[in-house]
A.B. asks: 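Provided herewith is a single structure, encoded as C-alpha cells, for subsequent inquiry.
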2 protein chains.
Amino acid sequence: MDEKKLSSQVVKRLPRYYRYLSTLLQLGISRISSKDLGNRMGLTSSQVRQDFFCFGGNGLQGYGYDVGFLHQEIHKLLGLQHSHTMIIIGAGSLGHALAKHANFEKSGFKLAGIFDVKPELIGEKIRNVEVQPVDDLPDFLSKNPVDIAVLTVPENCAGEVARLVADLGVKALWNFSPVELMMPEDIIVENTHMIDCLMVLGYNLQEKSLREESLKEKP
Amino acid sequence: MDEKKLSSQVVKRLPRYYRYLSTLLQLGISRISSKDLGNRMGLTSSQVRQDFFCFGGNGLQGYGYDVGFLHQEIHKLLGLQHSHTMIIIGAGSLGHALAKHANFEKSGFKLAGIFDVKPELIGEKIRNVEVQPVDDLPDFLSKNPVDIAVLTVPENCAGEVARLVADLGVKALWNFSPVELMMPEDIIVENTHMIDCLMVLGYNLQEKSLREESLKEKP
DNA sequence: TAGATTGTTAATCGATTAACAATC
DNA sequence: TAGATTGTTAATCGATTAACAATC
C-alpha cells in the first residue's frame, strides 16, 4: 500500500497534521480545504496538497478533504495502530517528566520500565512503573523486547548506555543528552537537545535586536 | 561584522558545531580538518567548509581549522556573550525538569521566575527560584524585562498564556504544549513537541520493520 | 618541494511554490 | 451551470555536494 517512502520533511509534518486534524474533529469540522488548513498551520495550500498527494491525496475537487478520513490515513501512516514499548534510562527530573507525560501512552507508546543507577531512586513508582537498577537491564531486556530506549542520563555516560541497550536489542534511541551518539546504521536515533533549541532562540533574539538597532540608526 | 544572515539550516547546526568543538577543546585538540570534523559529526567535509565559509571561514589551506578560534566565533554568532532572561510558566514535572537543567544557566540563560496556577505549588523553591502565581505575571513582567517564556502549561491554556506574556513584552516563546500557537510576526516561537519526536521515531520503526519483512519475502 | 586542505564556484539534488486542466 | 478546489506537472528556490585552483 504505502509504496513510496515519504521524504523526511513530509514525515516531520505528519504529526502536526495529525494533531491539527484531531482538533478539527473535536470541533466537529468534517471537511477542510488545503487553503484553509494551510492558513491555519502556516503552510501554503500548495504544500498541503503536495504532501497529501504523496500518500494518495483523497480530496474531492471543488470540495476539499475529508477530515476524518485524512486523520485515519495519517494515523495508519505513522503506525499508531501498533503500540511500541519504551523504557526510560535515567530517573532524574527529566526522566520523571517524560514518564509522567500522559500523551505518550495515549498514542500507543507504552512505558515498560525505568532504570537508574542511584540506589535512593530504585523502587520508586512512577505511574505504576517501578524504577529498577541499570544493572538489571540485560536481564530485563532478555525477557521483555523493547522498541525504544529514552536516554535521560548524564552526558558522560550516554554513549556507554546507548551502546549497551543497542547491543541488547533495542531498536531505537531517543537521546536527550547533549552528545553525538555514534551508533550502527540500523539503530534509529532521534536527538532532542534542549540546549540547542534555546541557542537557536538566542540567535534569533540577537538577530532581531540587531535588525531593530540598524532600523533606528538608518531610518 | 556578521553581514549576511545565515540560513536557518546553518543556524540549526551551529549549536552542534559548538558542542562538538567544546569537546575537542576539552580533549586538548586545537586543530581539525573539515574532513575529520565532518566524519565525526556525520556531515560531508564539503558541508562543513561551506558552513564555515558562510561566517568567514578562518581555516588555513593544507592545515585545517583552529578549534579555539572557531569555538569563539560560533560563541559570538550564537550571542552567547550576552545573557538572556527566562521564565517558566507551568511548574509541573516538565517545568521542574527544565528549571533544574544546569546547562541552561551555563550558556547564559538565566531563570528569573517560575509561575503556576496551582496554590499548592506556590512558594516552592526550585534552584533558588520561587514558584509564583500566574496572576502575578503582569506585575512581575512590568518590573523585570524577560526575553524568553517557556510554556510548560496544559494544552488547553497554552494559547491564552502565550498571548498574555506576548502582550506583556516577552520577546520569545519556547512552547512545549502540543498546540499550534498563532502569534504576531514579531514574536519568536520555538516549538518542542515531544510527542512529535516519538511519532517520527514510531514511523521510522515501522518503516524499518516493513523493509525487513519484504527482504525476508523476496530474498 | 610535495602533500594536504582550504576557499570558492559550479553542478546536483531535493523541497517548495506556481500553475492550470480536470472535475466535483 | 458556475464556482471552488483538487490532482498533478512544471518552475523556482534553497541546500548540499562536487570540483579544483589557490596556497599553506
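Side-chain atoms are counted along with the backbone in the values below, which use heavy atoms only and exclude waters and symmetry mates. The sequence lines fix the lettering, A, B, ..., with proteins before strands; numbering per chain opens at 1.
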A.B. asks: Need to verify one output field. Residue with the more 5' nearest nucleotide on DNA chain C, Gln9(A) or Gly59(B)?
C.D. replies: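 Going by which nucleotide is closer to the 5' end, it is Gly59(B).
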A.B. asks: Mind listing the closest non-hydrogen atom pair of Ile114(A) and Ala91(A) along with its distance?
C.D. replies: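 Shortest heavy-atom contact: CG2-CB, 3.9 Å.
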A.B. asks: Nearest whole angstrom, please: distance from the C1' of dT5(D) to the CG of Asn39(A).
C.D. replies: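 Roughly 14 Å, once rounded to whole Å.
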A.B. asks: Within less than 4.0 Å of OP1 or OP2 of dT6(C), is there a side-chain N or O belonging to Arg49(B)?
C.D. replies: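 Checking Arg49(B) against dT6(C): at least one side-chain N or O falls below 4.0 Å of OP1 or OP2.
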A.B. asks: Please check this pair: side chain of Arg16(A) against backbone of Met41(A), looking for a donor-acceptor N/O pair closer than 3.5 Å.
C.D. replies: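 Answer holds: yes.
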A.B. asks: Output yes when a side-chain donor or acceptor of Gln206(A) lies under 3.5 Å from a complementary backbone atom of Leu78(B), and no otherwise.
C.D. replies: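 No, because the side chain of Gln206(A) does not come within donor-acceptor range (under 3.5 Å) of the backbone of Leu78(B).
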A.B. asks: Without decimals, in angstroms, what is the distance between Gln47(A) CD and dA10(D) C1'?
C.D. replies: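 Answer to the nearest Å: 17 Å.
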A.B. asks: Can you identify which nucleotide, out of dT9(D), dT5(C), dT6(D), has its nearest atom closest to the Phe53(A) side chain?
C.D. replies: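 So the nucleotide nearest the side chain must be dT9(D).
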A.B. asks: How close or far is atom P of dA15(D) from atom NZ of Lys5(B), stated in whole angstroms?
C.D. replies: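 Atom NZ in Lys5(B) sits about 11 Å away from atom P in dA15(D).
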A.B. asks: What about Ser46(B): does its side chain form a donor-acceptor pair under 3.5 Å with the base of dA18(D)?
C.D. replies: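 Indeed there is one.
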A.B. asks: Are His71(A) and Tyr18(A) side-chain neighbours, meaning at least one heavy-atom pair lies under 4.5 Å?
C.D. replies: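 Side-chain contact under 4.5 Å: yes.
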A.B. asks: So do Leu37(B) and Leu24(B) actually touch side chain to side chain, heavy atoms under 4.5 Å?
C.D. replies: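 A side-chain contact exists here, since the closest heavy-atom pair is under 4.5 Å.
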A.B. asks: Starting at the 5' end of DNA chain D, what dot-bracket string do you get if Watson-Crick and G-U pairs under 3.5 Å are bracketed, crossing pairs use [ ], other-strand pairs use | and unpaired bases use dots?
C.D. replies: ..||||||||||||||||||||||
A.B. asks: Taking OP1 and OP2 of dG7(D), is either one under 4.0 Å from a side-chain nitrogen or oxygen of Tyr65(A)?
C.D. replies: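 For Tyr65(A), the contact criterion (side-chain N or O under 4.0 Å from OP1 or OP2 of dG7(D)) is met.
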A.B. asks: Report yes if at least one side-chain N or O of Arg31(A) is closer than 4.0 Å to OP1 or OP2 of dT6(D); otherwise report no.
C.D. replies: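 Checking dT6(D) against Arg31(A), no side-chain N or O comes under 4.0 Å of OP1 or OP2.
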A.B. asks: Atom NZ of Lys35(B) and atom P of dA18(D): how far apart are they, to the nearest Å?
C.D. replies: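 To the nearest whole Å, that distance equals 14 Å.
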A.B. asks: Any donor and acceptor pair, going by atom type alone, linking the side chain of Ser45(B) with main-chain N or O of Gly38(B) inside 3.5 Å?
C.D. replies: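 Judged by distance alone, no pair lies under 3.5 Å.
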A.B. asks: Taking only the side-chain heavy atoms of Leu60(B) (C-beta and beyond), determine which of dT16(C), dT17(C), dC24(D) contains the nearest atom.
C.D. replies: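 Of the options given, the side chain of Leu60(B) lies nearest dC24(D).
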A.B. asks: Just to be sure I understand the rule, does Asn58(B) reach a base, reach only the sugar-phosphate, or reach nothing, if contact means heavy atoms closer than 4.0 Å?
C.D. replies: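 Sugar-phosphate contact only - Asn58(B) comes under 4.0 Å of backbone atoms but never of a base.
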A.B. asks: Assign Ser34(B) to base, sugar-phosphate, or nothing according to its heavy-atom contacts below 4.0 angstrom with the strands shown.
C.D. replies: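 Touches sugar-phosphate only.
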A.B. asks: Ile74(B) and Phe55(B): which non-hydrogen atoms are nearest, and at how many Å?
C.D. replies: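 Smallest heavy-atom distance, with atoms named: CG1-CZ, 4.1 Å.
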A.B. asks: More than 12 foreign heavy atoms under 6.0 Å from CD of Glu160(A): is that the case here?
C.D. replies: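 Open.
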A.B. asks: dT8(C) C1' sits how many Å from Asp51(B) CG, rounded?
C.D. replies: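 Rounded to whole Å, this separation is 14 Å.
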A.B. asks: Does the side chain of Ser7(B) get closer than 4.0 angstrom to OP1 or OP2 of dG14(D) through an N or O atom?
C.D. replies: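 Answer no for this pair, as no side-chain N or O of Ser7(B) is under 4.0 Å from OP1 or OP2.
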A.B. asks: Of all the nucleotides listed (dT5(C), dT5(D), dT16(D)), which has the minimum atom distance to the side chain of Gln61(A)?
C.D. replies: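 Given the options dT5(C), dT5(D), dT16(D), the side chain of Gln61(A) is closest to dT5(D).
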A.B. asks: Which whole-number value in Å describes the distance from Asp36(A) CG to dT6(D) C1'?
C.D. replies: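 It works out to 14 Å between those atoms.
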A.B. asks: Rounding to an integer number of Å, can you tell me how far Gln50(B) CD sits from dA18(D) C1'?
C.D. replies: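 Nearest whole value for this atom pair: 11 Å.
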A.B. asks: Scan Phe52(A) against the nucleic acid and name what it touches under 4.0 Å (heavy atoms): base, sugar-phosphate only, or nothing.
C.D. replies: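 Nothing, no heavy atom under 4.0 Å.
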A.B. asks: Using atom CG of Leu37(A) as one end and atom C1' of dT5(D) as the other, report the distance to the nearest whole Å.
C.D. replies: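 After rounding, the reported distance stands at 14 Å.
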A.B. asks: Nearest to the side chain of Ser33(B), heavy atoms from C-beta on, is which of dT5(C), dG7(C), dT17(D)?
C.D. replies: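 For the Ser33(B) side chain, the nearest candidate turns out to be dT5(C).
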